[in-house]
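Report on the following structure.
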Amino acid sequence: MIDPKYLRQSAAEVAANLARRGYPFDAEAYLALEERRKTLQIETEDLQSERNSSAKNIGKAKAEGEDIAPLLTAVKDMGDRLAECESALQEVQGQLRDIELDLPNLLDDSVPDGKDESDNAEVRVWGEPTELGFEPRDHIELGENLGMIDFEAASKISGSRFTVMSGPLARMQRALIQLMLDTHTEEHGYEEKYVPYLVQTDALIGTGNLPKFEEDLFRTATETPYYLIPTAEVPVTNLARDTIFEAGELPKHYVAHTPCFRSEAGSYGQDTRGMIRQHQFEKVELVHFVAAEESMAALETLTGHAEVILQKLELPYRVVALCSGDVGFGSAKTYDIEVWLPGQQKYREISSCSNYNDFQARRMKARRRNPETGKPELIHTLNGSGVAAGRALIAVMENYQNDDGSIRVPAALQPYMGGLKVIS
RNA sequence: GGAGAGAUGGCUGAGUGGUCGAAAGCGCUCCCCUGCUAAGGGAGUAAGGGCUAAUACCCCUUCGAGGGUUCGAAUCCCUCUCUCUCCGCCA
């Protein structure tokens, strides 16, 4: 959520910023509604104040044994007027809130302009696209030939966009997760979290997934709905909800491994083959809670932590800064890490690292006490995949494949696989 | 699933219709006192919102959540949620 105060004071600037995303913000309509809110709120609070003082007077008169009947008739119709004002105010505030919850975050100035993915700016490249010396197979062919990926079995059980993996390949995904968790906790100082995979509405409003993106989520049919998490970001970031961190408690660095569930509505026809885009996938997620002035530096740090995983796996990748048209709803700035996939001869997203600044914090009421002023202020939240395990598995398979269809186990993973060197 | 108890400020805990945003204690901050320490004395110490140039006044809201009764609700009524204890069940 954008600061409503800033919104009403600088609606034109907000509109200009959001226009970079291609988001049309009707500043005039908003300001008109805001003007109405102001009038109603002042009127309502005046009436409340009046009610409070007359109630107090009645109490006082009664205590002194005076006749309170005339006082009661004087305030008789006030209740109705107040109720009217209150409900009108509530209505307008609800409308404003609906608009505010729908607005994406303001973009950081450093975000490059652009329309879509093709305008993203390459920031750095690590390694070189793998030269195999033979015609590369993609992970589907590799997995099926090894008999360790079974899309048919998955579809029999659950339909499309699911995978069944077997034996050493299943183990390799687990090994990747272990490597990531161990690296982030032992080398990067993160605290590991185990969190719920089902969350309620408020948590998703806090991170910005609701109310706008309900169709992306799986929801249970229970009386109070639960949602399957689309990313660990949702439960982990919500750890900060309704809290005030004391001086010295920040920054917080959390890492969590969870499965992620996405309906992939609207992505029909994209990556339909293989396990690039699944309804269910495994991911290790990094989350930072920091003071406002530290978040831009934290974004660099967090991205670097994710990169270390690919470096350990010796997988070629590049980092791109998402352009204004491609940055996600709640993010002020995002780096994507893209890993080289020989099967596609392309870099593909394997991690997305974002600075949400105070966007989620405002929705969640996540604050810190500023040691200088003693006052609570909103923290900044960041998150990034460190990294997506399913896609990391694909990357290992395709980059470490041999001509005979076997797959070498990266050195960094061998300790997690009982010393296994080749999957065949 | 059954039975019972409870939810108040950073914490403990009082408060059953009126000057209660809330006693008291603890904690914390500042000041005084003491050669230092300990002890002691004094003052302060919730969050959100509105108005505003203002983090100054002033005003509003909030005692688990949502409704209701009332001129007035932490206090009375209804619904819900959560926590704890005991029993049952269970990985």
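Reminder, nothing fancy here: chain letters follow the sequence lines and each chain counts from 1.
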Would you say a side-chain N or O of [X] is under 4.0 Å from OP1 or OP2 of [N]?
X: A:Asn52; N: B:U61; answer: yes
X: A:Arg8; N: B:U52; answer: no
X: A:Ser49; N: B:C60; answer: yes
X: A:Arg37; N: B:C51; answer: yes
X: A:Arg97; N: B:G49; answer: no
X: A:Lys38; N: B:U52; answer: yes
X: A:Arg369; N: B:A46; answer: no

Rounded to the nearest angstrom, tell me the gap between atom [atom1] in [X] and atom [atom2] in [N].
X: A:Ile244; N: B:G10; atom1: CD1; atom2: P; value: 7 Å
X: A:Gln48; N: B:C58; atom1: CD; atom2: P; value: 18 Å
X: A:Arg51; N: B:A73; atom1: CZ; atom2: C1'; value: 11 Å
X: A:Lys5; N: B:A53; atom1: NZ; atom2: C1'; value: 11 Å
X: A:Glu45; N: B:U61; atom1: CD; atom2: C1'; value: 8 Å
X: A:Asp80; N: B:U69; atom1: CG; atom2: P; value: 11 Å
X: A:Asp242; N: B:A65; atom1: CG; atom2: P; value: 11 Å
X: A:Leu89; N: B:G50; atom1: CG; atom2: P; value: 11 Å

Write down the distance separating the [atom1] atoms in [N] and [M], rounded off to the nearest Å.
N: B:U75; M: B:G15; atom1: P; value: 15 Å
N: B:G64; M: B:C26; atom1: C1'; value: 24 Å
N: B:U12; M: B:G49; atom1: P; value: 26 Å
N: B:A47; M: B:A43; atom1: C1'; value: 23 Å
N: B:A65; M: B:U83; atom1: C1'; value: 15 Å
N: B:C82; M: B:C28; atom1: P; value: 36 Å
N: B:G41; M: B:A24; atom1: P; value: 15 Å
N: B:U62; M: B:G72; atom1: P; value: 13 Å

Could you identify the nucleotide paired to [N], looking across every strand shown and requiring Watson-Crick or G-U wobble geometry with both distances under 3.5 Å?
N: B:U61; value: B:A47
N: B:G4; value: B:C84
N: B:A53; value: none
N: B:A73; value: none
N: B:G66; value: B:C78
N: B:C30; value: B:G42
N: B:C90; value: none
N: B:A24; value: B:U12

So, [X] versus [Y], ring centres under 6.0 angstrom or not?
X: A:Phe213; Y: A:Phe329; value: yes
X: A:Phe218; Y: A:Tyr227; value: no
X: A:His279; Y: A:Phe162; value: yes
X: A:Tyr254; Y: A:His288; value: no
X: A:His380; Y: A:Phe289; value: no

* Judged by atom type as modelled, is there a donor-acceptor pair below 3.5 Å linking the side chain of A:Thr243 to the main-chain atoms of A:Ala240? -> yes
If you only use heavy atoms from C-beta on, which nucleotide in [options] is closest to the side chain of [X]?
X: A:Ile58; options: B:C71, B:G50, B:A47; result: B:C71
X: A:Lys56; options: B:U19, B:G48, B:U61; result: B:U19
X: A:Val75; options: B:C71, B:A54, B:G50; result: B:C71

* Asked: For RNA chain B, whose closest nucleotide is more 5', that of A:Glu50 or that of A:Thr224?
  -> A:Glu50
* **Residue mapping more 5' on RNA chain B - nearest nucleotide basis, A:Ala55 or A:Pro4** => A:Ala55
* Looking across every strand, which nucleic acid part, if any, lies under 4.0 Å from A:Lys60 by heavy atom: base, sugar-phosphate, or nothing? -> base
* Give a yes or no on whether a donor-acceptor pair under 3.5 Å exists between the nucleobase atoms of B:G18, that is its base, and the side chain of A:Lys62. =>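 Indeed there is one.
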* **Presence of salt bridge, A:Glu264 and A:Arg262, under 4.0 angstrom** => no
* Pair A:Ser406, A:Gln401: side-chain N/O donor-acceptor within cut-off below 3.5 Å ->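 Per modelled atom types, A:Ser406 and A:Gln401 side chains form no pair under 3.5 Å.
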